[in-house]
Amino acid sequence: QVQLVESGGGLVQAGGSLRLSCAASGIIFSITFMGWYRQAPGKQRELVALITGEDNTNYADSVKGRFTISRDNAKNTVYLQMNSLKPEDTAVYYCNMVVVTTNKAIDKWGQGTQVTVSS
């Protein structure tokens, strides 16, 4: 059983910073994809940033230059460093990984962590 556990969300003023973490546990042979999504009330879930096993990264236009995604392969952990936060960044943030376990590659989601940015 593979699980993703997120941490690092909270309340911050506009212009501030937060770092989100997401750690995978269980029987894991490799992780081919790591990404962060967010969902604001009444809106669709959107991709914020992703990183591949080859360290290729992509960002949503709305966060380019402000957010940085990174990973620690030894810890099966992905991070999202969020700087210069804006009120429109307020959302529940979810991590996502494609994990190779004993049976197959599976798509896993974290439980979500609330990020609230005040004006």
Side-chain angles (χ1 to χ4, degrees):
Q1 183 83 309
V2 175
Q3 294 189 109
L4 308 186
V5 179
E6 301 181 31
S7 62
L11 175 64
V12 66
Q13 292 187 16
S17 298
L18 287 172
R19 190 179 78 154
L20 306 183
S21 299
C22 178
S25 62
I27 301 174
I28 300 169
F29 294 157
S30 65
I31 301 174
T32 60
F33 171 91
M34 293 179 169
W36 288 95
Y37 292 73
R38 67 186 181 188
Q39 188 167 25
K43 299 182 68 176
Q44 297 277 57
R45 187 172 298 186
E46 65 173 347
L47 177 67
V48 176
L50 65 86
I51 185 167
T52 69
E54 295 74 39
D55 276 339
N56 296 315
T57 59
N58 285 96
Y59 298 91
D61 288 341
S62 59
V63 307
K64 285 181 179 176
R66 301 188 297 119
F67 291 10
T68 303
I69 188 170
S70 61
R71 59 184 171 89
D72 185 332
N73 292 334
K75 297 180 179 180
N76 292 324
T77 299
V78 63
Y79 305 94
L80 186 67
Q81 178 66 47
M82 304 185 292
N83 298 326
S84 302
L85 282 162
K86 304 175 180 179
E88 50 263 46
D89 295 319
T90 295
V92 178
Y93 284 70
Y94 298 89
C95 65
N96 172 247
M97 301 185 190
V98 177
V99 179
V100 180
T101 185
T102 53
N103 294 328
K104 60 181 179 179
I106 56 175
D107 188 36
K108 299 294 293 186
W109 291 88
Q111 81 279 10
T113 185
Q114 177 70 48
V115 172
T116 303
V117 184
S118 62
S119 301

In terms of side-chain geometry, is the basic nitrogen of K64 or D61 positioned less than 4.0 Å from the acidic oxygen of its partner?
yes
Working to the nearest 0.5 Å, report the span between [atom1] of [X] and [atom2] of [Y].
| X | Y | atom1 | atom2 | result |
| --- | --- | --- | --- | --- |
| S30 | M97 | OG | CE | 12.0 Å |
| N96 | D107 | CG | CG | 4.5 Å |
| I31 | L4 | CD1 | CG | 8.0 Å |
| I28 | I106 | CD1 | CD1 | 8.5 Å |
| M34 | C22 | CE | SG | 7.5 Å |

Could you state whether F33 and Y94 fall into the same hydrophobic cluster, counting links through intermediate Ile, Leu, Val, Met, Phe, Trp or Tyr residues with side-chain heavy atoms under 4.5 angstrom apart?
yes
Shortest non-hydrogen contact from [X] to [Y]?
| X | Y | answer |
| --- | --- | --- |
| T52 | R71 | O-NE, 3.3 Å |
| N83 | S17 | OD1-OG, 2.9 Å |
| V78 | C95 | CG1-CB, 4.5 Å |

For Q111 and E6, indicate whether the former's side chain and the latter's backbone hold a donor-acceptor pair under 3.5 Å.
yes
Looking at Q81 and R19, would you say the former's side chain and the latter's main chain have a donor-acceptor pair under 3.5 Å?
no
Quick check: do S21 and K75 have side-chain heavy atoms less than 4.5 Å from each other?
no
Who pairs with Y37 by ring-ring contact (aromatic ring centres under 6.0 Å, His included), at least two apart in sequence or on another chain?
W109
Take a 6.0 Å sphere around CD1 of I27 and say whether it holds more than 12 heavy atoms from other residues, nucleotides or ligands.
no
More than 12 non-hydrogen atoms from neighbouring residues, nucleotides or ligands closer than 6.0 Å to CD on Q13, yes or no?
no
When you look at T90 and R38, which way does the side chain to side chain contact (heavy atoms under 4.5 Å, CB included) test go after all the steps?
CA-CA 9 Å; T90 295; R38 67 186 181 188; over 6 Å; no
Do V63 and M82 pass the side chain to side chain contact (heavy atoms under 4.5 Å, CB included) test, and can you show the C-alpha distance, the side-chain angles, and the key distance before you say yes or no?
CA-CA 9 Å; V63 307; M82 304 185 292; over 6 Å; no
